[in-house]
Amino acid sequence: KGQKDYITPTQGLVLKYDGTFDFKGFYNSSKDWFKNNNYKFSEREYKERPNPTGTEFMLKFQGERKIDDYTSFNLELNFLCSFFERSPIF
């Protein structure tokens with residue numbers, strides 16, 4: 001489609017968190033962010049795989065916002081949640 005200029009390293013950014021986490025809220029607010037910022041949203045992948053140490057989730061989101069005939073912003077977000085255990089809190 002044309003030239004791509006990356007604003008983050010091509011290997012991406014890694015965030016780590018250990019603790020209670022509202023996965024459903026995170027999922028919904030991520031989708032809402034694309035909509036609220038005028039991106040065409042698509043969920044490219046959703047995998048859930050049970051492991052002996054907990055459930056592993058993989059999500060791939062993609063969003064595109066056309067700026068003009070020559071420019072568009074494209075976001076690709078890949079999430080991997082490992083050692084996920086369901087909590088009765090959520």
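For clarity, every value in this text was computed on a predicted model and none was experimentally measured. FYI, side chains are in, hydrogens and waters are out, and symmetry mates aren't considered; it's all heavy atoms of this structure.
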**Student:** Kindly compute the distance separating CG (Leu59) from NZ (Lys47), expressed to the nearest 0.5 Å.
**Tutor:**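 Interatomic distance, Leu59 CG to Lys47 NZ, rounded to 0.5 Å: 11.5 Å.
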**Student:** Less than 4.0 angstrom from a charged side-chain N to a carboxylate O is my criterion; do Arg49 and Glu56 meet it?
**Tutor:**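 Yes, this pair counts.
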**Student:** What are the two closest non-hydrogen atoms of Ser72 and Glu64, and how far apart are they?
**Tutor:**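 In this case the closest contact between Ser72 and Glu64 is OG-OE2, 3.6 Å.
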**Student:** Holding to side-chain contact (heavy atoms from CB on, under 4.5 Å), I want the full list of residues that pass it with Lys60, two or more places apart in sequence or in another chain.
**Tutor:**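 Expected list: Arg44, Glu45, Met58, Asn78.
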**Student:** Determine whether more than 12 heavy atoms belonging to other residues, nucleotides or ligands lie under 6.0 Å from atom CG of Asp18.
**Tutor:**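 Open.
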**Student:** First locate atom NZ of Lys40, then atom CG of Asn74, and finally report the distance between them rounded to the nearest 0.5 Å.
**Tutor:**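 Nearest 0.5 Å value for the NZ-CG distance: 11.0 Å.
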**Student:** Please tabulate, for the side chains in residues 27-35, all donor-acceptor contacts under 3.5 angstrom to protein atoms that are two or more places apart in sequence or on a different chain.
**Tutor:**
{"unit_1": "Tyr27", "atom_1": "OH", "unit_2": "Glu43", "atom_2": "OE1", "d": "2.2"}
{"unit_1": "Asn28", "atom_1": "ND2", "unit_2": "Lys24", "atom_2": "O", "d": "3.3"}
{"unit_1": "Ser29", "atom_1": "OG", "unit_2": "Gly25", "atom_2": "O", "d": "3.0"}
{"unit_1": "Ser29", "atom_1": "OG", "unit_2": "Phe26", "atom_2": "O", "d": "3.2"}
{"unit_1": "Ser30", "atom_1": "OG", "unit_2": "Phe26", "atom_2": "O", "d": "2.8"}

**Student:** Over 60° means perpendicular and under 30° means parallel, so classify the ring planes of Phe61 and Phe41, tilted if in between.
**Tutor:**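 Aromatic pair Phe41/Phe61 classed perpendicular.
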**Student:** Please give me the minimum heavy-atom distance between Thr55 and Glu48, naming the atom from each residue.
**Tutor:**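 Shortest heavy-atom contact: CG2-CG, 3.6 Å.
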**Student:** Between Leu75 and Phe73, is there a shared hydrophobic cluster once you connect ILVMFWY residues whose side-chain heavy atoms come closer than 4.5 Å?
**Tutor:**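 Same cluster.
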